[in-house]
Amino acid sequence: MKKSVKRIIAVTIGFAFAMLLMSVFIYIGYTNAYSSGVETFNVNVLGIPIYDLTKVGSKYVGESKGIYMGLLCGICMLVAFAVEIVIEKVKKK
């Protein structure tokens with residue numbers, strides 16, 4: 001397989017992993033917010049604030065922080081890209 005195709009697949013996997021990671025953390029955030037009953041709850045991944053939950057009546061309303069979600073996606077994509085390069089170099093040796 002060509003290098004470019006492998007790298008595109010690696011970046012795509014990194015993006016998918018970031019989406020899955022954020023989904024899990026947001027779900028856990030909703031669970032924690034409902035169990036604690038706080039007025040506001042911030043969802044953080046690796047210290048990066050990605051989602052805010054605010055209590056409106058008896059329900060929570062979520063608001064995404066797009067710039068930080070994009071940053072987390074970029075980090076995951078960069079890590080996946082770096083891992084692919086390392087694997088490629090290890091296979092050559």
Smallest separation among heavy atoms of [X] and [Y], with atom names:
X     : Y     : result
Ala33 : Leu53 : CB-CD1, 4.0 Å
Met69 : Ser64 : SD-CB, 3.7 Å
Gly37 : Lys55 : O-NZ, 3.8 Å
Met22 : Cys73 : CE-SG, 3.5 Å

Transitively linked via ILVMFWY side-chain contacts under 4.5 Å: [X] with [Y]?
X     : Y     : answer
Val11 : Met19 : yes
Ile13 : Ile75 : no
Leu71 : Ile26 : yes
Val38 : Ile50 : yes
Val90 : Ile85 : no

Distance check, rounded to the nearest 0.5 Å: [X] atom [atom1] versus [Y] atom [atom2]?
X     : Y     : atom1 : atom2 : result
Ser35 : Phe41 : OG    : CZ    : 8.0 Å
Leu46 : Cys76 : CG    : SG    : 7.5 Å
Glu39 : Thr54 : CD    : OG1   : 9.0 Å
Thr12 : Phe81 : OG1   : CZ    : 12.0 Å
Phe15 : Leu20 : CZ    : CG    : 12.0 Å
Asn42 : Asp52 : CG    : CG    : 4.5 Å

Can you tell me if [atom1] on [X] sees more than 12 non-hydrogen neighbours from other groups inside 6.0 Å?
X     : atom1 : answer
Tyr30 : OH    : yes
Tyr34 : OH    : yes
Tyr60 : OH    : yes

Let me see the working for Lys65 and Tyr51 under side chain to side chain contact (heavy atoms under 4.5 Å, CB included), right down to the final yes or no. CA-CA 6 Å; Lys65 293 190 170 190; Tyr51 207 73; over 6 Å; no
Is any side-chain N of the basic residue among Glu88 and Lys3 closer than 4.0 Å to the acidic one's carboxylate O? yes
